[in-house]
Each structure stands twice: as C-alpha cells, then as structure tokens.
2 protein chains.
Amino acid sequence: MDDVDRMIISLLQEDAARPYAALGAAVGLSAGAAHERVRKLRERGLIRRTTVDIDPVAAGRGVLAYVMIDGKTWMGGTGEALAAVPEIEEAHVIAGPASLLVKVRASSTRELQDVLRRVFEIDGVTGTQTVVVLETFFERGVHVPGTSSDSGHK
Amino acid sequence: MDDVDRMIISLLQEDAARPYAALGAAVGLSAGAAHERVRKLRERGLIRRTTVDIDPVAAGRGVLAYVMIDGKTWMGGTGEALAAVPEIEEAHVIAGPASLLVKVRASSTRELQDVLRRVFEIDGVTGTQTVVVLETFFERGVHVPGTSSDSGHK
DNA sequence: TCATCCTGTCGACGTCGTCCATTCCATGGA
DNA sequence: TCCATGGAATGGACGACGTCGACAGGATGA
C-alpha cells in the first residue's frame with residue numbers, strides 16, 4: 001500500500017472505466033503493471049467492486065432523511081429487518097442519544113412517512129426521531145489517507 | 001425509464017465491469033442495445049459515473065461518526081470549507097435540532113478529535129454534537145423505485 | 001556473492017467495446 | 001386502411017483493450 005496504490009484508488013474513484021493504459025500512464029506505470037496493482041487491491045479486499053454512481057434526484061429519490069431509532073432489546077434479526085426496507089440506504093448502531101441511525105431516501109415526504117411506519121413495525125422499536133435534509137453540499141467516496149491535501153496525520 | 005432500465009441500473013450497481021453482452025443477456029437484449037440503454041442513462045444524468053467501492057476499514061478509516069453542527073450565520077463558503085476536510089464524506093443542511101449534519105470517517109478517535117477541531121475553525125460554527133457509530137449493519141447504493149421487492153408505493 | 005522474491009516491461013492473442021446499416025414495431029395523420 | 005415517421009433492437013465488422021506469459025531489473029537475506 002504505497003503512494004501509487006493510493007493514486008490508483010483515487011483515480012478509479014473518479015472514473016473506473018478508465019483504460020489500464022491511461023491509468024498506468026497517470027501513475028508512471030505500464031498498462032500491465034497497473035493491471036497487476038488493481039488485481040492485488042481487489043484481492044486484498046481494498047477495492048470491493050466496481051459500481052455506478054446514481055443520481056438520487058434523477059432516480060426519483062429526492063427526499064433524504066436521517067432517522068434515529070430508539071428501542072429496548074435488539075434481537076438478531078434487526079439488521080435484516082432494516083435491510084428489507086429498500087428505502088433505507090444505511091443502518092448503524094450508535095453510541096449516543098439513540099440506539100440506531102439509518103439513512104432514508106424516499107421519493108416524497110408521503111413515502112418517508114410510510115417508511116417510518118414500516119420501521120415502527122420492527123420488533124423492539126419504541127420511538128424515532130427524524131432529521132430531514134434540506135440541501136446536500138456533497139456526497140463523495142471514502143477518502144484514502146495519504147492522498148493529496150492531507151495534513152500528515154496517521 | 002422502464003423496467004429494463006431499472007434492471008440495468010440494478011445490475012450495474014452490483015458489478016459495473018460486467019460485459020455488455022452479459023448485461024444484455026440478463027435483461028433479454030443484445031449487447032448493442034444494452035450499450036445504447038446505458039449510453040442514454042448516462043446522457044440523462046441518471047448514471048453519474050462508474051466508480052469503485054472502497055472498504056473503509058481496509059483503507060484505514062475504521063472510525064465512523066456523524067456530527068451535527070450548530071452555527072449562526074452560514075456564509076457562502078461553508079460548503080467549500082467542509083469539503084476541504086478530506087475526512088468529511090457527506091455534508092448536509094438539515095431541518096431539526098442543528099444546522100448541519102456531516103459524516104466523518106477517521107482512522108482513529110484521535111483523528112476524529114482533530115477533525116472536530118478543524119470544523120470548529122470554520123466561520124460561524126458555534127457548537128457540535130457527535131454521534132459515534134459502533135457497528136454498521138450495511139451501506140448500499142441508491143435504491144431505484146420499481147426494482148424488485150417494492151411494495152408498490154409511489 | 002548468490003539465491004530468491006517481488007515488481008515492472010514488453011509482446012501476442014483473444015475478447016470486448018463501438019459503430020453502422022438494416023429491420024421491426026408503435027404511433028399519428030390523411 | 002394505408003402510409004409516413006421516429007424510436008429501438010439486431011447483427012456484423014473493425015479496432016481498441018484486457019489478459020496472460022516470458023523475461024528483466026532491483027531489493028532483501030543467508
């Protein structure tokens with residue numbers, strides 16, 4: 001995991017369809033060497049997969065909200081129950097004012113309400129607190145430490 | 001934007017490196033037709049770009065937190081000031097107990113503390129409230145309405 | 001000094017993306 | 001009903017690209 005690997009990841013985050021020849025040229029390597037680097041990054045699990053970035057608004061998911069969920073006892077199936085709701089994009093266990101935090105993307109406030117109803121139907125849920133997003137400044141990929149403009153922290 | 005387009009998006013979200021021939025076969029189309037569909041989805045802005053999914057833990061970003069930020073006056077440059085902090089992955093204006101909500105990924109709690117310090121240095125910030133994530137159930141892409149397991153809501 | 005391993009370069013083959021002409025189907029007008 | 005029009009899919013041909021193998025260079029350790 002050196003600087004070249006970090007540059008490769010950064011470049012692939014921008015455009016994963018880039019030809020290996022161009023990718024190699026950008027980091028001072030041949031196409032074959034770039035290919036080998038990427039193969040190993042996949043092997044190590046650093047690169048999970050290549051995917052497409054979808055515009056939520058164009059896809060009809062213009063309403064974004066974060067929902068903090070209170071509950072008493074979490075049974076094993078809570079994660080699966082949340083995953084069964086397609087509008088829920090992320091689900092985390094948190095330390096703080098609530099027990100869970102989920103990210104919800106809905107097509108309307110009406111649908112958001114419906115998602116909340118489905119969340120309430122999950123065993124153990126006693127309450128929710130919803131934070132509606134008015135405007136999104138940016139949403140970007142994971143930043144890999146060591147890539148440009150880092151203050152040198154470890 | 002029909003069912004075929006939705007299936008294509010769903011398939012590409014799983015694996016964008018899939019050959020057009022395979023993609024077409026999966027939705028009952030030829031390679032050329034699949035290519036044309038994808039081209040138009042890009043043209044319409046529905047597919048923003050193809051990128052790689054990075055494992056945050058493997059990348060040395062094992063600590064995830066959401067930070068709610070309080071402030072009085074937001075000048076135009078607030079979004080840029082937040083974007084300048086590479087550890088901040090998302091930044092939103094919210095309606096609720098605070099003014100802004102940002103998603104932070106750090107390598108350690110020590111670095112998280114440093115990120116909070118940098119947030120405080122931004123003009124107008126008067127306070128923060130941090131929610132640390134203990135465990136992540138899942139993080140997935142935008143779900144496109146109409147794709148499988150939808151209860152038929154609009 | 002030599003052996004070994006890792007990593008990169010180069011080249012060749014096969015696959016895949018890309019483009020174009022053609023055909024098919026749905027739609028609307030006279 | 002017939003014809004005109006536009007959108008979309010098919011199939012094929014060309015060229016670019018991914019993929020793999022053999023070989024070379026450099027670093028490490030005995």
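Per chain, numbering begins at 1; letters A, B, ... match sequence-line order.
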Please list, pair by pair, any protein nitrogen or oxygen found under 3.5 Å from a nitrogen or oxygen in nucleotides 22-28 of chain D.
none

- Message: Taking B/Glu139 first and then A/Arg48, would you say they form a salt bridge - that is, a charged N and a carboxylate O separated by under 4.0 Å?
- Response: no
- Message: Tell me if a side-chain donor or acceptor on A/Arg140 pairs with a main-chain N or O of B/Ile88 at a distance below 3.5 Å.
- Response: yes
- Task: Go through the steps for A/Glu87 and A/Val63 under the test side chain to side chain contact (heavy atoms under 4.5 Å, CB included), then give the verdict.
- Result: CA-CA 10 Å; A/Glu87 288 85 357; A/Val63 177; over 6 Å; no
- Query: Can you name the residues that form a salt bridge (Lys or Arg N to Asp or Glu O under 4.0 Å) with B/Arg49, not counting sequence neighbours?
  - Reply: A/Asp53
At a cut-off of 3.5 Å, list every protein nitrogen or oxygen paired with a nitrogen or oxygen from nucleotides 14-16 of chain C, distance to 0.1 Å.
none

- Item | D/dT19 OP1/OP2 closer than 4.0 Å to side-chain N/O of A/His35 | yes
- Task: Keeping the roles fixed (side chain from A/Thr128, backbone from A/Val67), state whether a donor-acceptor pair exists under 3.5 Å.
- Result: no
- Query: Are the side chain of A/Arg18 and the backbone of A/Leu11 linked by a donor-acceptor contact shorter than 3.5 Å?
  - Reply: yes
- Item | Nearest non-hydrogen partners of B/Thr50 and A/Ala17, listed with the distance | OG1-N, 3.3 Å
- Taking OP1 and OP2 of D/dA8, is either one under 4.0 Å from a side-chain nitrogen or oxygen of B/Lys40? yes
Show each protein N/O and nucleotides 9-11 of chain D N/O combination with a separation under 3.5 Å, one pair to a line.
residue : atom : partner : partner atom : Å
D/dA9   : OP1  : B/Arg37 : NE           : 3.1
D/dA9   : OP1  : B/Arg37 : NH2          : 2.7
D/dT10  : OP2  : B/Ser30 : N            : 2.5
D/dT10  : OP2  : B/Ser30 : OG           : 2.8

- What residues, two or more places apart in sequence or in another chain, satisfy ring-ring contact (aromatic ring centres under 6.0 Å, His included) together with A/Tyr66? B/Tyr66, B/His92
- Does A/Val142 offer a backbone N or O that forms a donor-acceptor pair with the side chain of B/Arg61 under 3.5 Å? no
- Spell out, as yes or no, whether a donor-acceptor pair under 3.5 Å connects the side chain of B/Arg37 to the backbone of B/Gly24. no
- Item | Separation between NE2 of B/His143 and OG of A/Ser107, rounded to the nearest 0.5 Å | 11.0 Å
- Query: Roughly, in whole Å, what's the span from CG in A/Leu23 to P in D/dA16?
  - Reply: 20 Å
- Task: Could you give me the CA-CA distance, side-chain angles and deciding distance for B/Val4 and B/Met7, then say whether side chain to side chain contact (heavy atoms under 4.5 Å, CB included) is met?
- Result: CA-CA 5 Å; B/Val4 174; B/Met7 284 177 68; 5.6 Å; no
- Axis deviation across the helix from C/dT1-D/dA30 to C/dA30-D/dT1, five-pair ends, to the nearest 10°: 30°
- Query: Any Lys/Arg nitrogen of B/Glu121 or B/Arg118 sitting under 4.0 Å from an Asp/Glu carboxylate oxygen of the other?
  - Reply: no
